[in-house]
Each structure stands twice: as C-alpha cells, then as structure tokens.
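Naming convention: chains lettered A, B, ... in sequence-line order (proteins, then strands); numbering from 1 in each chain. Nothing here was measured: the structure is a model prediction, and the numbers come from that model.
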Amino acid sequence: MTEKVDARGLSCPQPVLLALSKMRDMKTGELEVLVDNEVSKENVSRAASKEGWELAQVREEAEEYHLLLRRS
Amino acid sequence: METKKNLFATSLGIVAVGAVIGVLAALLQKWGNPGNMGICVACFERDVAGSLGLHRADVVQYLRPEIFGFVLGAFVAALSFSEFKPRSGSAPLARFLLGMSAMIGALVFLGCPWRAVLRLAGGDGNALFGLAGLATGVGIGTVFFRSGYSLGRTSKQNHGLGLLMPLVIAGLLVLGLIFPQIPNEPKSGVLFYSLKGPGSQHAPLIVSLVIGLAVGFAAQRSRFCTMGALRDLILFRHWHLFSGFMALLVAAWLTNLALGQFHPGFANQPVAHTQSLWNFFGMLVAGLAFALAGGCPGRQLFMSGEGDGDAAVFVFGMIVGAAFAHNFGLASSPAGIGPHGMAAVAVALIACLYIGFSNIKRVGA
C-alpha cells in the first residue's frame, strides 16, 4: 500500500521534514508526496535520493506534483 | 520521471550562482557601493525606507535599484519557467513582525546574512561574531521546526494578486526615474537622497539595476538562500545551499584581493562596529526571524517576485522595521550600537520566540 504525505501549501523546510519523517518511519515501501511548487519538488527529490529512496515517478496534475518514492 | 532539468538548481549550478553573486557584489563596491556592502538586502531596504522618508537618517537614504532588480529579475525568471504561482494566506501578520524583527536585529549588526559574508570576504573580523549569531539563530529556528513549528499552509491566489508585488516594485522604480538624484540636493521631488554616508555611495543606477536583475533571475532559478544554507546543513546535513553560500564567500574574497579591497582587521572596518556581543545577538535575532519565516531577506524578495504574497509581507515588515530602527535609535552606527539597541534586540527576540512557541503544531501529513 502506498503511504501519502500532503505537503501542499507548505514552505521550506516543512515538505522535506514531513517526507523525511515518513521515510524514516516506513524504512521501505512506496511513498507518495504531494507538493505544489517546483522548489519543494526539487528539495523532496534531493532529500529522498540522499536517504536512499528512488524517485520512481513524477506526475504533474493541476499545478501539483505527485512524487512517487520507492525503497525496497 | 523528471522531464526537465533545472541546471541552476544542480550542485554545480548553485556553486556557480553563489560565485557569480560574490564577484558581482565585490565589483559593485568598486563601482560605487559602500565598503563590504556590494549587496546587503537589509541595508538596501533600509536605504529605500529612508529615500521614501519613512525615516530621516540622512546618511542612509537612497532608492537602491538592486532591490527592485532582485524582485523583477525573479519575476521574469518565474514567468519564463512557469513558476509564477500567486499564493498567500500563511500568517501574514506574524511574517510582518518577523520581518520587522529581522531588520531590527540586522541593523544592530549592520548587515544581513549577505553582507555578513561580504564583510568577512573584505577582511572584517567582526563579521565572524555576526555569522556565529546567524548560525545560532538559525539553529534555534531548526529546533522549532523539529518541534512542529509551522505558520500554516498558503492558498492559491489569482494572478492579479500575484502581480501586486512586481507592480509595486516597478512603481517604485518609476518613481526613482521621475525624481532622479540631483547633485548636492538632499531631495528630489518626494524622494530623499543622502549627500554623505553609505546612502551617498552607490554604483550607477543602470549598473545596479542590471546586476540586480541578473542576481534576481539566477537566484530564483537556483533557490539561493543564505539562511536556507545554514538551516539545511543543521537540520538535514544537506550541503547543497551551503555550497552556494561558501562559493559567494570565496568568490567575493578572491575578487576583493584582486581589486585591493581586502583589509583584514577588526577596527575601522567600513560601516561596522566592534561590539562583538551585540554583533552576535543582533544576527541571532535576525537568523531566528529568517528561519521562522522560511527564507533570508534575499530569498524573501525572490519569492515575492514569484507571486508569494507572504514573502512580500515579510519584505514590507523589514522596510517598516528599518524605519522604526532609525526613528527610535535602535540601529547601530560605526560608533557602536544605538541608544536603544539592547532593548530592541531583547524585544525582537521575545517577539520571535513568541511567534515560534505559539505556532508549534502538528501539520497533518
């Protein structure tokens, strides 16, 4: 099951904090992070990569980004 | 998968942007800006406040074109890359007060984080105390973030609202063109112009404006942020923004060396005082305020150009804070801290801590 983090409307560093906290809780699995700006997309992607999570998919929908992160 | 790559936001990109800003800042000093003040967002906003007559400190009154360039350059970049996203509604009054507090702290030190780095790059050892205070303030801010601090979510706004800040800034620029500086005159129309002191020292208008636009464009694309550099390092051990911060320092230092602008020491540094404790605490307050508001003063300008109304509110908080700082004797001068500088630091710190503690909550994930 894909876990979700909704970081829309939040500014730095909160999207990264929320995503990292969830990644560390989950350890492995699939996580979808929802953000609404390019900066948060970049920051969450960079943080995920440093944590060893793969950015499996980026879906842009109505000016929002759905980042699908995966770690096995 | 990612379909487009923002080269400015890569590791190399952020270092290049920091280095270019460092070189341009040192050059601005050579071309007329005050010593170790090629770019100082706090000082320049203070000068803008003075030019508009919000305070009457006659040594710091000039409508600094760099500030307008920062916002408009970021606006152009955001429009060009579909990143102009009008938004606001995240605790505007708290952000205004954080802006005021940040400015009051910065004017006790005599500079924002950008100038703290430039002062060090020019050999001003007093900047070390300011940078230590900045790091401490940002560090306290990260404790709040770890504890669940949040000013809440923004909401999307219409394009008309997003355009307000770029329009206001363009209006101020036009005002400066309508009432240009008249040699040896302290006033031109409604605008005040310093005849002595830092406000009288400036690069030619067009040079300042073009460099401001270039910096605004590059910083918007790269997300350059001096506070974020320290925050991400402390909070996440992420070196990305910090590498840009360090590139600025090294590039400005090397350019200063090449231009004969590097003068190491503590005494008699340009627009600086040697009261180390207050250099530290002034920047501690500023660092905490920037951290709680989510960006250094430059980043707040760039975000306001992207349509972030809350960042614009922070900017106006800084401008009003500058007016208070000079009207109430809170700001320092090369002679030392102002008569009410200590009280100002205490009150601004209490204001920041109040905003910090009163906004600790758990944001729904």
### Task
Compare all side-chain heavy atoms of Arg153(B) with those of Asp6(A) and state whether any distance is below 4.5 angstrom.
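Of all side-chain heavy-atom pairs linking Asp6(A) with Arg153(B), at least one is under 4.5 Å.
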### Query
Are any of the side-chain heavy atoms of Ser11(A) and Thr154(B) separated by less than 4.5 Å?
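Ser11(A) does not reach Thr154(B) side chain to side chain.
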### Query
Which atom pair, heavy atoms only, marks the closest approach of Gln14(A) to Tyr149(B)?
OE1-O, 3.9 Å
### Task
Work out which heavy atom in Ala9(B) is nearest to a heavy atom in Glu42(A); give both atom names and the distance.
CB-OE1, 3.6 Å
### Query
chain B heavy atoms under 4.5 Å from Ala47(A): which part of the residue, side chain, backbone, both or neither?
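For Ala47(A), backbone and side chain are both near chain B.
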#### Entry: Proximal component of Leu20(A), with respect to chain B [non-hydrogen, under 4.5 Å]
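Interface part for Leu20(A): side chain.
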Spacing of [atom1] belonging to [X] relative to [atom2] belonging to [Y], to within rounding of 0.5 Å:
| X | Y | atom1 | atom2 | answer |
| --- | --- | --- | --- | --- |
| Leu151(B) | Leu10(A) | CG | CG | 10.5 Å |
| Lys41(A) | Asn6(B) | NZ | CG | 9.0 Å |
| Arg223(B) | Ser40(A) | CZ | OG | 9.5 Å |
| Lys85(B) | Asn37(A) | NZ | CG | 7.0 Å |
| Arg221(B) | Glu38(A) | CZ | CD | 7.0 Å |
| Ser11(B) | Arg46(A) | OG | CZ | 7.0 Å |

### Query
In terms of heavy-atom proximity below 4.5 Å to chain A, should Arg231(B) be classed as side chain, backbone, both, or neither?
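Side chain only.
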### Task
Kindly indicate, with the supporting measurements, whether the criterion salt bridge (Lys or Arg N to Asp or Glu O under 4.0 Å) is fulfilled by Glu64(A) and Lys156(B).
CA-CA 11 Å; Glu64(A) 292 172 358; Lys156(B) 289 178 187 168; 3.8 Å; yes
